[in-house]
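Here is the structure we will look at, set down as structure tokens.
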Amino acid sequence: NSGARDFYEFRYPFIKRASSFSSSSSFSSSSNDEVTYDYIIVGGGTAGCPLAATLSQNFSVLLLERGGVPFSNANVSFLRNFHIALADTSPTSASQPFVSTDGVINARARVLGGGTCINAGFYTRANSDFIRRVGWDARLVNESYPWVEKQIVHQPKLAPWQDAFKDSLLDVGVSPYNGFTYDHIYGTKVGGTIFDRFGRRHTAAELLASANPKMLSVLVYATVQKVLFDKSAGKRPKAMGVMFKDENGNQHQAFLTNNRRSEVILSCGAIGTPQLLMLSGIGPKAELQRLNISMVLHNEFVGKGMADNPMNSVFVPMTRSVEQSLIQTVGITKMGVYIEASSGFGQSQDSIHCHHGLLSAEIGQLSTVPPKQRTRQAIEEFIKRKRDLPREAFKGGFILEKIAMPLSTGHLNLINTNIDNNPSVTFNYFGHPRDLRRCVNGIRMAAKVIQSDRFTNFTKCDKPTVEKLLNMSVKANINLIPKHTNDTKSLEQFCKDTVITIWHYHGGCHVGKVVDPNHKVLGTRRLRIVDGSTFSESPGTNPQGTVLMMGRYMGVKILRRRLGKAAGV
């Protein structure tokens, strides 16, 4: 019986396949009524799940997710398989790859739970300046973070690599040591993680456990193709519902209840939300006309201001194996650079077989081949050469350096009208000279960390091995520190040639340009956006904590505005 199978597979009774949808079920009072919803949320990801769970306390909610569930997927669930999930680019996997026009391989989530299912797990709050800049109510923010933390966040058991890294950061002056904390403060700290002590991942999908199960419907494999509008003359376009297709390719429509407070809320992320807005007829006029999309509203800012924090990584060889660890310790410097580290994913036996064009298991790409040259041939070449690498290349780990608030921005454009295809995205990494200066300083800092006594005592890698690897690494996806760290010109080149992503891209629907401060889409009625597409900077060292919090925060805000004290949240 497929119902029983689905229940086991989907964990919660309110999660069903999209094909089971019929517009005359559950919430309708009489049998001939078409069922409608108070809220339709598009995208069951990092923000969509907490948002749906919260709104369902008082209202009927339909949550539509294009991917499947994360619960029975071992590649998603276990830390040791992190790189495999990321490299699995088959059409139904949890990770959908895209390559920006800059040539950097990137990933977007395609699963209930969103980015929390495929990320490295690190959890931190934003700094208080960020909350002030976006104009959120600090008190509600400080209630919303713990709501998430109590359900899915853990204190990590510090891996040896992370411990040595912590000592080295302090050694080179990234101080004070702030211990284990969720707070974003200068110095070195250990942050939270969504991996528990058994290495099992806890995703945003688990926040659905706190939903009101009578008021929530979640459909998986439901791909929303457009928002439907009422465009009666002389009025602002009003969102009426959405059109989506199920896993068999059949079309459905779902509608909002006839109440001015009902809303369609887009939580499709920084790539999906601007794309869906444009496919629904809201965006730059020329862009819509080019693809014959009938215009609902001209807004030149949709898809503009896309940013991605550039990351560069330096490989640290080791003569012995090292325990796998993803980010636990971070250094928050005063020069606009964050230093992080990971170990033991260098090239494990299983990751060698798992090159779907995403080469380094750890960071998901060929990082020493300059971005524009990361072609299929380069990948083939790499696979051939990989056999000749010394054993140290398969051990060790990476020191990662990320630019905090890049000034370089780009844009997103549609390539065609198929929602399943990636739009074209440009981030313009290092387009602004300040970003490049920061990268150079960051690489120098990473070099100091690796050369610090605390670290060399730990890695015990002798100089000849390093030389040997340096000579071979140019052709492989291992970048050791450039030899001349005092030569700024060569460091700038290193930054540009080895830039990769840590998946913290954001923007495309900025506040004041596409949405108002409450995240309602300007010039429309009953349409709102709750996700990282509204950010003009990535919060904290790693954004997932704040995106999770934002889903809860916005949900509570909406309930309180509608119901006042009666909301009970």
Among all residues two or more places apart in sequence or in another chain, which pass the salt bridge (charged side-chain N to carboxylate O under 4.0 Å, His left out) test with [X]?
X: K189; result: none
X: D196; result: none
X: R561; result: none
X: R200; result: none

Test of understanding: with side chain to side chain donor-acceptor pair (under 3.5 Å), list the residues that count as partners of [X], not counting sequence neighbours.
X: Y505; answer: none
X: H519; answer: none
X: D420; answer: K245
X: N73; answer: none

Tell me, with the steps shown, if L208 and L63 meet side chain to side chain contact (heavy atoms under 4.5 Å, CB included).
CA-CA 11 Å; L208 296 172; L63 177 62; 4.2 Å; yes
Nearest-0.5 Å distance that lies between atom CG in N416 and atom CG in L414
8.0 Å
Within this structure, what is the CG-OG distance for the pair L412 and S533, rounded to the nearest 0.5 Å?
10.0 Å
Can you check side chain to side chain contact (heavy atoms under 4.5 Å, CB included) on F195 and L326, steps first, answer last?
CA-CA 10 Å; F195 288 105; L326 290 167; 4.1 Å; yes
Listing request: all ring-ring contact (aromatic ring centres under 6.0 Å, His included) pairs with a residue in residues 526-552, at least two apart in sequence or in separate chains.
F130-F535
Write out all pairs satisfying salt bridge (charged side-chain N to carboxylate O under 4.0 Å, His left out) with one or both partners inside [range], taking only residues at least two apart or from two chains.
range: residues 61-73; answer: none
range: residues 261-278; answer: E263-R528
range: residues 529-548; answer: R133-E537

Minimum heavy-atom separation for [X] and [Y], please, with both atom names.
X: F180; Y: G191; result: CE1-O, 3.5 Å
X: Y123; Y: T193; result: CB-N, 4.0 Å
X: L276; Y: C268; result: CD2-SG, 4.1 Å

Please determine whether the number of non-hydrogen atoms from other residues, nucleotides or ligands lying under 6.0 Å from atom CG of N258 exceeds 12.
no
Starting from the C-alpha separation in whole Å, work towards a yes-or-no answer on side chain to side chain contact (heavy atoms under 4.5 Å, CB included) for E340 and N542.
CA-CA 10 Å; E340 310 189 351; N542 300 64; 2.9 Å; yes
Testing the 3.5 Å rule here: is there a donor-acceptor pair between the side chains of [X] and [Y]?
X: D38; Y: T257; answer: yes
X: S343; Y: S325; answer: yes
X: R108; Y: N422; answer: yes

Hey, do the aromatic rings of H154 and F198 have their centres closer than 6.0 Å?
no
Is the backbone of W161 close enough, under 3.5 Å, to the side chain of E323 for a donor and an acceptor to pair up by distance?
no
Dump the intermediate steps for side chain to side chain contact (heavy atoms under 4.5 Å, CB included) on R526 and M240, then the final yes or no.
CA-CA 8 Å; R526 307 208 303 180; M240 301 302 286; 3.7 Å; yes
